[in-house]
Peer 1: 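This structure is in structure tokens; I'll ask about it shortly.
Below, all heavy atoms of this structure are taken into account, side chains as well, without hydrogens, waters or symmetry copies. Just so it is clear, the structure is predicted and the values come from calculations on it, not from any experiment.
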Amino acid sequence: MSLPPSPTRPSPGRRLRAAVAGAAMAALAGCAVNPATGGSQFTLVSPAQDAALGAREHPKVLAEYGGEYADPEVRALVDRVGRRIAAASARPDVDYTFTVLDSPIANAFALPGGYVYVTRGLLAIVGDEAELAAVLGHEIAHVAARHSAARATQSTIAQVALVGLAVVGLGPIAGQAAGTTAELLLKGYSRGHELEADAIGMRYLTAAGYDPWAVVDFLQTMQRDAELKAALAGRRPDSEQIGQWLSSHPQTEERVARASALARDAAAGAEGAAAGSERGRDAFLDAVDGMIFGDTAEQGFVRGRTFFHPVLGFRFDVPEGFRIVNGADQVIAAGPDGSAIIFDADRVPPVRDVADYLADDWGARMALGRVERIEVNGMPAATAVAEARLGGTPVDARLLAIRFGPDRIYRFVFATPKGLTGAMNLALRETSYSFRRLEPAETRDLAPLRIEVRTVRPGDTLESLAAGLPLEGMAVERLAVLNGIAPGTPLEPGRRIKLIR
């Protein structure tokens, strides 16, 4: 997790100016044949504006995702595969920029103008070059088909119709469209755009000589990864989005079926005459060998039942039977019988009393019991009980706010099912008082985990290899997902696989 940014005053919204009838919009806007789709495309945003928008938003993406991952071999791998796919695309003229983001979240996306991103968290579960090419091909397809421009145009037209205004010229409306695009950049595409990117990306993948079945393999791995993450967090499998890549339009089962049909057509049809079967597994594994896996010091480390944050300078323990999952904005520990601990942070002015903050700010919308002032390892704190709902189920909740620094408060929510609160009270109280500042000596041995590639030896099994990994909970299943291996599949001696060290 990371500390939330300081509150900022929202900037005033810009007005959309208009003076002629809506019919003039079509005459002034751009309408041309899109080389990626082969159809005519109506858009209010020019390719030059695409490039300018991507350049403007690129630094913001780097800041949001922890910056660019510095490993030169990993960066070279993504750049090489990305440029190979781009050269086979309908828009090789775009000045593409391929970036590996230093984030453990499995995600990939693209900005207008050819800015394509993949996280090291996604690279960790990619199996080979062909699967990476499948991901990049999908994102390049969004760029080539100019889906962001189409989405911004649709939004702008809707706004014009809503306020009953018209357009005086292309300049003002194009500026508004660009602003709308910036707001929508990282939101999900429509179902139609996602399916179109699947089909276009498959064409690019096969034209570049990669195995079209890599798309199907990767989608199935993402499905298993999503189910695993849901299980680790104590949620139902159907409550977890399919990673963040290809996450919601349409459901993954349908997408796998469509990808299988596309792969069969690509491999057997006229279009597939040039399709190759290259997977590039060894080259991929060589590049990711030694890559950081999971969290960095800036994000905090989970080690057994303890969460350490070397940069922010604190630690705490959770009770036996709880499993910690570190998220971007909060840490969640899932416990037995639907119990949970939710930990996050807030920025609060130094003059704000911690008890007043709990009662009037954080807990203002809850029916709180009496707020009690306490002290946690020398830090002023406050606690109160409330009734809440967790996943739709009524629970007893205890809120705990701890002032850690001049503008920083850390917060715990301890949620327990009705009837179990008394039995769990002591263990959760121990978690409250385990929160403390880190000593310098405690941070010396804290280092991120890394991927280690090794060759399977005779007698090796997923179970035997998982037993020696520093993974907490479902280690066998996690090792299988890491290597795209279906459950129950035996390991073949001589195969290279990814481990965690």
Peer 1: Please find the pair of heavy atoms, one from Val116 and one from Leu136, that lie closest to each other, and give the distance.
Peer 2: CG1-CD2, 3.9 Å

Peer 1: Can you tell me how far the CG atom of Leu446 sits from the CG atom of Asp295, to the nearest 0.5 Å?
Peer 2: 12.0 Å

Peer 1: Kindly assign one of parallel, tilted or perpendicular to the pair Phe435 and Phe412, based on the angle between their ring planes and the thresholds 30° and 60°.
Peer 2: perpendicular

Peer 1: Hey, is Asp353 close enough to Arg403 for a salt bridge, meaning N to O under 4.0 Å?
Peer 2: no

Peer 1: Is the side chain of Asp102 donor-acceptor paired with the backbone N or O of Gly67 at a distance under 3.5 Å, no angle test?
Peer 2: no

Peer 1: State the CG-OG1 distance between Asp79 and Thr99, to the nearest 0.5 angstrom.
Peer 2: 9.0 Å

Peer 1: For Phe307 and Ile324, work out which heavy atoms get closest and say how close.
Peer 2: N-CD1, 4.0 Å

Peer 1: Can you see which heavy atom on Ala397 is nearest to which on Ala388, and at what distance?
Peer 2: CB-CB, 4.2 Å

Peer 1: Pair His309, Tyr410 - check side-chain hydrogen bond (donor to acceptor under 3.5 Å, both in side chains), show working.
Peer 2: CA-CA 12 Å; His309 206 304; Tyr410 287 114; over 6 Å; no

Peer 1: Going by an N to O cut-off under 4.0 Å, is there a salt bridge joining Arg436 and Glu442?
Peer 2: yes

Peer 1: So, for Tyr117 and Phe109, is the gap between ring centers shorter than 6.0 Å?
Peer 2: yes

Peer 1: Hey, could you give me the CD/CG distance between Glu131 and Asp217, rounded to the nearest 0.5 Å?
Peer 2: 5.5 Å

Peer 1: Run Leu465 and Arg454 through side-chain contact (heavy atoms from CB on, under 4.5 Å) and show every step you take.
Peer 2: CA-CA 11 Å; Leu465 293 174; Arg454 59 162 284 185; 3.6 Å; yes

Peer 1: Is there side-chain contact between Phe322 and Leu428, with at least one heavy-atom pair below 4.5 Å?
Peer 2: yes

Peer 1: Could you check if a side-chain atom of Ile497 sits within less than 4.5 angstrom of a side-chain atom of Arg495, using non-hydrogen atoms only?
Peer 2: yes

Peer 1: Whether Glu57 and Lys60 form a salt bridge (side-chain N of Lys/Arg under 4.0 Å from carboxylate O of Asp/Glu) is what I want to check.
Peer 2: yes

Peer 1: Hey, does the side chain of Ser260 reach the backbone of Val256 with a donor-acceptor pair shorter than 3.5 angstrom?
Peer 2: yes

Peer 1: Would you give the length of the straight line joining atom CZ of Phe98 to atom CD of Glu68, rounded to the nearest 0.5 angstrom?
Peer 2: 13.0 Å

Peer 1: Would the distance check show the side chain of Arg450 and the main-chain N or O of Gly290 forming a donor-acceptor pair, the cut-off being under 3.5 Å?
Peer 2: yes

Peer 1: Show your reasoning for whether salt bridge (Lys or Arg N to Asp or Glu O under 4.0 Å) applies to Asp407 and Arg347.
Peer 2: CA-CA 5 Å; Asp407 66 343; Arg347 289 188 182 273; 2.9 Å; yes

Peer 1: Between Leu368 and Val385, is any pair of side-chain heavy atoms under 4.5 Å apart?
Peer 2: no

Peer 1: Quick one about Arg120 and Ser103 (side-chain donor to acceptor, distance below 3.5 Å, no hydrogens or angles considered), yes or no?
Peer 2: no

Peer 1: Looking only at non-hydrogen atoms, find the nearest pair between Leu53 and Pro112 and report the distance.
Peer 2: CD2-CG, 4.1 Å

Peer 1: Over all heavy atoms of both residues, which pair between Pro394 and Arg389 is shortest? Give the atoms and the distance, please.
Peer 2: CG-NH1, 3.6 Å

Peer 1: Got a donor-acceptor contact below 3.5 angstrom from the Tyr115 side chain to the Val61 backbone?
Peer 2: no

Peer 1: Does Val318 offer a backbone N or O that forms a donor-acceptor pair with the side chain of Arg305 under 3.5 Å?
Peer 2: yes

Peer 1: Under 4.0 Å between a side-chain nitrogen and a carboxylate oxygen: does that hold for Arg279 and Asp211?
Peer 2: yes

Peer 1: Does atom CD of Glu492 have more than 12 heavy-atom neighbours from other groups under 6.0 Å away?
Peer 2: no

Peer 1: May I ask you to check whether Asp396 and Thr416 show a side-chain donor-acceptor distance below 3.5 Å?
Peer 2: no

Peer 1: Which heavy atom of Met366 sits nearest a heavy atom of Ala386, and at what distance?
Peer 2: SD-CB, 4.2 Å

Peer 1: How long is the straight-line distance from CZ of Phe308 back to CG of Asp445, given to the nearest 0.5 Å?
Peer 2: 10.0 Å

Peer 1: Given Met222 and Val126, is the side-chain contact (heavy atoms from CB on, under 4.5 Å) satisfied, shown in steps?
Peer 2: CA-CA 9 Å; Met222 287 295 286; Val126 164; over 6 Å; no

Peer 1: Are any non-hydrogen side-chain atoms of Ile402 and Pro380 less than 4.5 angstrom apart?
Peer 2: no

Peer 1: Using modelled atom types and a 3.5 Å cut-off, is there a donor and acceptor pairing between side-chain atoms of Thr431 and backbone atoms of Asp317?
Peer 2: yes

Peer 1: Under the criterion salt bridge (Lys or Arg N to Asp or Glu O under 4.0 Å), which of Asp344, Asp329, Asp361 is the partner of Arg411?
Peer 2: Asp344

Peer 1: Drop me the distance from Glu227's CD to Leu232's CG, to the nearest 0.5 angstrom.
Peer 2: 12.0 Å

Peer 1: Consider salt bridge (Lys or Arg N to Asp or Glu O under 4.0 Å). Of Arg496, Arg281, Lys498, which one does Asp286 pass it with?
Peer 2: Arg496

Peer 1: Should Leu195 and Arg258 count as side-chain neighbours, where that means a heavy-atom distance under 4.5 Å?
Peer 2: yes

Peer 1: Does the distance from a Lys or Arg side-chain N to an Asp or Glu carboxylate O, for Glu387 and Lys418, drop under 4.0 Å?
Peer 2: yes

Peer 1: Test side-chain contact (heavy atoms from CB on, under 4.5 Å) on Gln330 and Phe343 and set out the steps.
Peer 2: CA-CA 6 Å; Gln330 59 184 200; Phe343 174 84; over 6 Å; no

Peer 1: Could you go through Val74 and Tyr69, starting from their C-alpha distance and side-chain angles, then the distance that decides it, and tell me whether this counts as side-chain contact (heavy atoms from CB on, under 4.5 Å)?
Peer 2: CA-CA 8 Å; Val74 175; Tyr69 185 55; 4.1 Å; yes

Peer 1: Under a plain distance cut-off of 3.5 Å, with no hydrogens placed, do Asn107 and Tyr65 share a side-chain donor-acceptor pair?
Peer 2: yes

Peer 1: Side-chain contact, heavy-atom cut-off 4.5 Å: Trp362 with Tyr357?
Peer 2: yes

Peer 1: Strictly below 4.0 Å, N to O, side chains only: are Asp225 and Lys229 in salt-bridge contact?
Peer 2: yes

Peer 1: Which label fits His142 and His138: parallel for a plane angle under 30°, tilted from 30 to 60°, or perpendicular past 60°?
Peer 2: perpendicular

Peer 1: Kindly indicate whether the side chain of Leu400, heavy atoms from C-beta on, has any atom under 4.5 Å from the side chain of Ile374.
Peer 2: yes

Peer 1: Under a 4.5 Å cut-off applied to non-hydrogen side-chain atoms, are Thr461 and Pro490 in contact?
Peer 2: no

Peer 1: Is it true that a side-chain atom of Asn483 and a backbone atom of Leu479 form a donor plus acceptor pair closer than 3.5 Å?
Peer 2: yes

